[in-house]
Structure formats: structure tokens, C-alpha cells
Amino acid sequence: MIKAVRGTRDLLPPETALWNFVESAVRDVFRAYNFQEIRTPIFEATELFARGVGEETDIVSKEMFTWNDRGPLDSGDAFIPGPTFDRVREHASAKEEESRRRVQSLTLRPENTAGVVRAYIQHDLEKRGLNKLFYIGPQFRRERPQKGRYRQFFQIGAEVIGPPSAGSESPARDAEVLEMLATLLDRLGITGWTLELNSVGSAADRARFNAALRASLVPVLGQMCSDCQRRAVTNPLRVFDCKVPADQPLIETLPRISQFLDNDSLRHFEAVQEILTKVGVPFTLNDRLVRGLDYYTRTAFEFTHGALGAQNAILGGGRYDGLSEALGGPPAPGIGFAIGEDRLVMSLQESAESVMKKPNVYIAPLGAGMNAETARLARELRRHDLIVDLGDENFRLKKSFEAATKAGAKYILIVGENEVKADVFSLKNLATGEQVSVPRAELAKKIQA
RNA sequence: GUGGGAAUAGCUCAACUGGCAGAGCACCGGACUGUGGCUCCGACGGUUGCGGGUUCGAUUCCCGUUUCCCACCCCA
């Protein structure tokens, strides 16, 4: 049997109803803040992620699905039967050299911010001023699968990006995005979330902080865990993520980014807090909160939820004022976030069953020739926005009743010879047992009531 | 990538120190030929994840492998 490959999965009904519930809530809420949808390709040039996410990050260095695409003469790593492939190569050998020159390393997107910023640059979106864009879609990382962590996973994200003159740098944007997220979680009925907030400063702040941090680590490093010793070399900020109890006193003595914020960063951070307080969005300051991706500056945040085990972060994001320029674009400060949709769905209290719409009516054809009659009736009723399911003329009535009940239909409509002859149909409420005769013209109205 | 646990019917799970692979639910049929849910009866359902080994005999013990789960690493 061929199965879904490692780290991927099928989303089946009724769970898919829950996904739709989440996504339509997202579209509603984001729309109220004037965000519009963007869809970028699920694969991009590898270089985009190397430059945008950071060469040294775990994502880029070991978690990407990357392959060489060799231009139009073959399909890269796709399976091609030998003989056909050889024939193609023979006749194409003259063009092979050219094909080889077109070799390009491609990668399934491990996140979506880089793609959005790429599109922003490519289509000159700066000319539209401030852009508020959101996306919903699959992302891919070659990690060890775990609950709430898949190799194909889904993210819902949004980005506010534009030229500084459009206000893209303003702390008002940070606060607006955070308030929008609080609204979304509330709307979804998710309680018990925590917003953790920090500022990681400007690029210059981080450079000074990094130098100081490295210097402070030198004398104590020998006493720290092996993970921290490794982090100190690869990514010193991550030392703050350490959970080893013995290391905590040492970590407490290390400098904090908050001590290195320049006046602009400080004012920005304070302004964000002030607005959040005023609009009533609760938050917790966490000066050990760091972000894994290179492009983050200033505001960094995470929403966590206790019921998710070790994978407790339900969404994360922050400001990335230098990303556009790092990708060769114009100055375009921005702030964004990504929600782990798989985890979000997991943390929902509602059962999938409760958000799935049930059929309004199940039509039961009764006897030879009735399929045609019911098809016609179903078409009429569906045009009135009713959810209609139907049986088959060979079903015994009992079987239709059982199918209607199982489908959760509110009514069953019986269509037999007597009904067709009179053009009056038997409509029974499956919950109350009440049954009435209804003329064709009044059916939709009666069912809707 | 590292460490640990698990895998048996569509689903949830049993099966004693190695001895005929089972139950509940679901599904299908019947009791009941144009009136469901409840009840009763019956039927269907398995390469015990896959491959090897030990044994008269393996769901059970051993080795390998795949996948999932838990914890790391890291991250949404």
C-alpha cells in the first residue's frame, strides 16, 4: 500500500470543516484591518531563503527540501523511464550545454515571508504605499515529525510592508498587528493564550549586543551545558532558550538586549507597549525571547498556549526592517507573523462535528423512474442555497431514512409516484417526527423555515 | 540529526511465562415490500507495519527496517 510520506498527512472530514472554520474566521478578521490575500509559489530559488532567512539558520542549513532544476530539457529529479530519457538526451545533446547553464537550485518554501517580500520587490508594490498582505498555505521543512510538527505544515501569516514614508516603521503597525491577533484568537474561542513581547533592537543594536554577549560567555562557558557551548559559537542569542536548570544562574548574569537598545529602538518598543495597554491587549515582557530567523529587528513576539506540550508556540513574528534591502529591494520596513495552522486547529475547543454544516434536506426517491424527479427537485432546492443530499430509487424507504439520519439532515423529502402525480410532497422533520404535505412551490420556503 | 516508547479488523483496544487472533463501536443484510433513531438476529471484516532470525510452534523472544508518538535540537 502506498502511504502518505513521512511527516505528511491527509486532512479528512470532518476535521476539514474545522480548517475551513479557522480560515474563514481569519479572512473575516484580517479583512477588518484591510489586509488582502497574496499567493506566492510553493517553491522559489534557493538563494531567496539563503539570503532572506539566513544561511546559518537551522532552516536553511539542514531543513530545506532543495533540488537542482536543469531547465526545460528534463524534469530535474522527477522520475523518467530510462529509454525515453536517453532518447531525449541523444537528440538534445546539442542543446545540452545550454540546458546545463540554466541549472538552478530550487527549494520548497520553508516559510512565506521571504516569498512575500520577493513579490513586493518584483512587482514594485512600494508604489502602492503601505501594503497589508496575508497568506494561507503549505510550507515545507525536513524536520523530524512530532505532534503538531509536520514536514508539510500550514501557516497563516500576514505582513505589513511599505516605504518608511507610508508609516511602515511606526509602532502603531506593530500594535495593530498584535491587537488583530488577539482579536482572531478570541474570535476562534481560544482562551488561555499568552502574548510574550520583546525587542531585539536594530541591526546595529544587535551587533553591539552580540559582541558583548560573546565576551560575557567566554569566562562562564566552560560551566555550561554542551548545547550552550555549541550555541555560543553558532548563534549566541539562543543561549537564552536553554532549559537546563544548572545553567540558569549563569544565564541570569549575561547581558540583555534591553540594555543595548538605542533611543529610537527604545522609544519604538515603549510606544508599542503603550498602545497595547490602551487597547487592552495583555502582554508579558520577556527579554529572553529571541527569534530564530536572521531578518528580525526590534519587536519580536510569540503567542503561546499551554495545552500544546513542548510545541507550545502557536504563532510567532516580529519586525524585519532590513529584509527588503537584504534581498536587493528598496527600503521597506515591515512587521509580520506566522501562525502554525496545524497547531491552532489542535488547540481549538470546538469539535469538528459542531462546525460542519449539515444537510437541510435529504431527498428519498421511491420507486422506478423517481431518480429523475428527485434530481430536478434537488436542483431547484440547491438554487435556494439549501444543502441537499439524496438517495436512489432502488433504496427501500427504510434505507433512505437511515442514510438521512446518518447524514444529519434536518428533513427528509419523500418522492414517490403519489407525490409526483399530485405535485405535493411528503416532508418529515427528522428530529420532531412531524410530517406534512407540501406543494412543490412551497418546498424551499418550508425547508428554510 | 540524537534518545526513548509504540504499531493487532474501518475506529478504540484485548489476547497470562511462546500454544486455534478476540471484543465493543462502525459497516452490510434480515426481523420490517411507503416511514429512521431503540431492540433483536445474522454476515462481513486480519500477510498481527514490513523483512529476516530463534523455535515443533512467534501477535508474544531477538536483529534490521518503516511509520507514528514523547523528549531533545530547532521552530510556527
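This is a predicted model, so every value here is computed, not measured. Any value given below was found using the heavy atoms of this structure, including those in side chains, with hydrogens, waters and symmetry copies removed. Chain A is the first sequence line, chain B the second, and so forth, proteins listed ahead of strands; every chain is numbered from 1.
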Determine the Euclidean distance between corresponding C1' atoms of B/rU47 and B/rA21; express it in Å to zero decimal places. 13 Å
Assigned partner base of B/rA71, Watson-Crick or wobble definition, under 3.5 Å: B/rU2
Could you state the atom-to-atom distance from NZ of A/Lys398 to P of B/rC28 in whole Å? 11 Å
From CD1 of A/Ile339 over to C1' of B/rA76, roughly how many Å is that when rounded to an integer? 9 Å
When you match A/Arg142 and A/Val415 each to their closest nucleotide on RNA chain B, which lands nearer the 5' end? A/Arg142
Just checking A/Gly7: base, sugar-phosphate only, or nothing, at a heavy-atom cut-off of under 4.0 Å? sugar-phosphate
For A/Leu397, report the nucleic acid contact type (base, sugar-phosphate, nothing); a contact means any heavy atom under 4.0 Å. base
Choose from B/rC73, B/rG34, B/rU35 the nucleotide whose nearest atom is closest to any side-chain atom of A/Gln146. B/rC73
A/Arg343, nearest nucleotide to its side chain (from B/rU33, B/rC73, B/rA76): B/rA76
Categorize A/Lys428 for me: base, sugar-phosphate, or nothing, with a 4.0 angstrom heavy-atom threshold over every strand shown. base
For A/Ile156, report the nucleic acid contact type (base, sugar-phosphate, nothing); a contact means any heavy atom under 4.0 Å. nothing
Distance check, P atoms only: B/rA9 and B/rG18, in whole angstrom units. 23 Å
Rounded distance in Å between the C1' positions of B/rC16 and B/rC63: 26 Å
Which base sits across from B/rG24 as a Watson-Crick or G-U pair, both distances under 3.5 Å? B/rC11
Look at the side chain of A/Phe401 and decide which nucleotide, out of B/rC27, B/rC73, B/rU35, has an atom nearest to it. B/rU35
Can you tell me how far P of B/rU35 sits from CD of A/Glu419, to the nearest Å? 12 Å
Counting the atoms with a prime plus P, OP1 and OP2 as sugar-phosphate, which does A/Glu143 contact under 4.0 Å by heavy atoms, base, sugar-phosphate, or nothing? base
State the pairing partner of B/rA31; accept Watson-Crick or G-U wobble contacts with both distances under 3.5 Å, and report none otherwise. B/rU39
P atoms of B/rU59 and B/rA7, separation to the nearest Å: 14 Å
Measure from CZ on A/Arg396 to P on B/rG34 and round the result to the nearest Å. 6 Å
B/rU55 to B/rC73 separation - P atoms, rounded to the nearest Å: 45 Å
Integer-rounded Å distance: B/rU35 P and A/Asn418 CG: 12 Å
From C-beta outward on A/Arg144, which listed nucleotide comes closest to its side chain: B/rU35, B/rC74, B/rG1? B/rG1
Hey, does the side chain of A/Glu63 reach the backbone of A/Arg141 with a donor-acceptor pair shorter than 3.5 angstrom? no
Can you tell me if A/Phe153 is stacked onto the base of B/rA76, using a 5.5 Å centroid cut-off and an angle below 30°? yes
Checking A/Ser202 against A/Asp321: is there a side-chain donor and acceptor pair closer than 3.5 Å? no
Looking across every strand, which nucleic acid part, if any, lies under 4.0 Å from A/Gly433 by heavy atom: base, sugar-phosphate, or nothing? base
Do A/Glu159 and A/Tyr320 get their side chains close enough for a donor-acceptor pair, meaning under 3.5 Å? yes
Tell me the interatomic distance from A/Phe395, atom CZ, to B/rG29, atom P, rounded to whole angstroms. 9 Å
Rounded distance (Å) that lies between atom C1' of B/rG34 and atom NZ of A/Lys399: 17 Å
Donor-acceptor check, side chain of A/Gln229 to backbone of A/Met224, threshold 3.5 angstrom: yes or no? yes
Would a distance-only check, ignoring hydrogens and angles, find a side-chain to backbone donor-acceptor pair under 3.5 Å from A/Glu15 to A/Leu12? no
What about A/Arg149, does its side chain sit under 3.5 Å from the base of B/rA76 through a donor-acceptor pair? no
Could you give the CZ-to-P distance, from A/Arg6 to B/rC69, as a whole number of Å? 10 Å
Please pick, from B/rA76, B/rC32, B/rC74, the nucleotide with the shortest atom-to-atom distance to any side-chain atom of A/Glu63. B/rC74
Atom P, compared across B/rG51 and B/rG5: separation rounded to whole Å: 24 Å
Shortest side-chain distance from A/Pro145, nucleotide among B/rC68, B/rC75, B/rC70: B/rC68
Phosphate-side-chain proximity, A/Lys406 and B/rC28, N/O vs OP1/OP2 below 4.0 Å: yes
Is any side-chain heavy atom of A/Arg151 closer than 4.5 Å to one of A/Arg6? yes
Sugar-phosphate only, base, or nothing, as touched by A/Gln139 at under 4.0 Å among non-hydrogen atoms: nothing
Any donor-acceptor pair under 3.5 Å linking the side chain of A/Arg298 with the backbone of A/Val200? no
Can you say whether the rings of A/Phe140 and A/Phe65 are parallel (under 30°), tilted (30 to 60°) or perpendicular (over 60°)? perpendicular
Say you pick atom C1' in B/rU8 and the same atom in B/rA23; how far apart are they, in whole Å? 13 Å
Give one of base, sugar-phosphate or nothing for A/Asp342, where a contact means two heavy atoms less than 4.0 Å apart. nothing
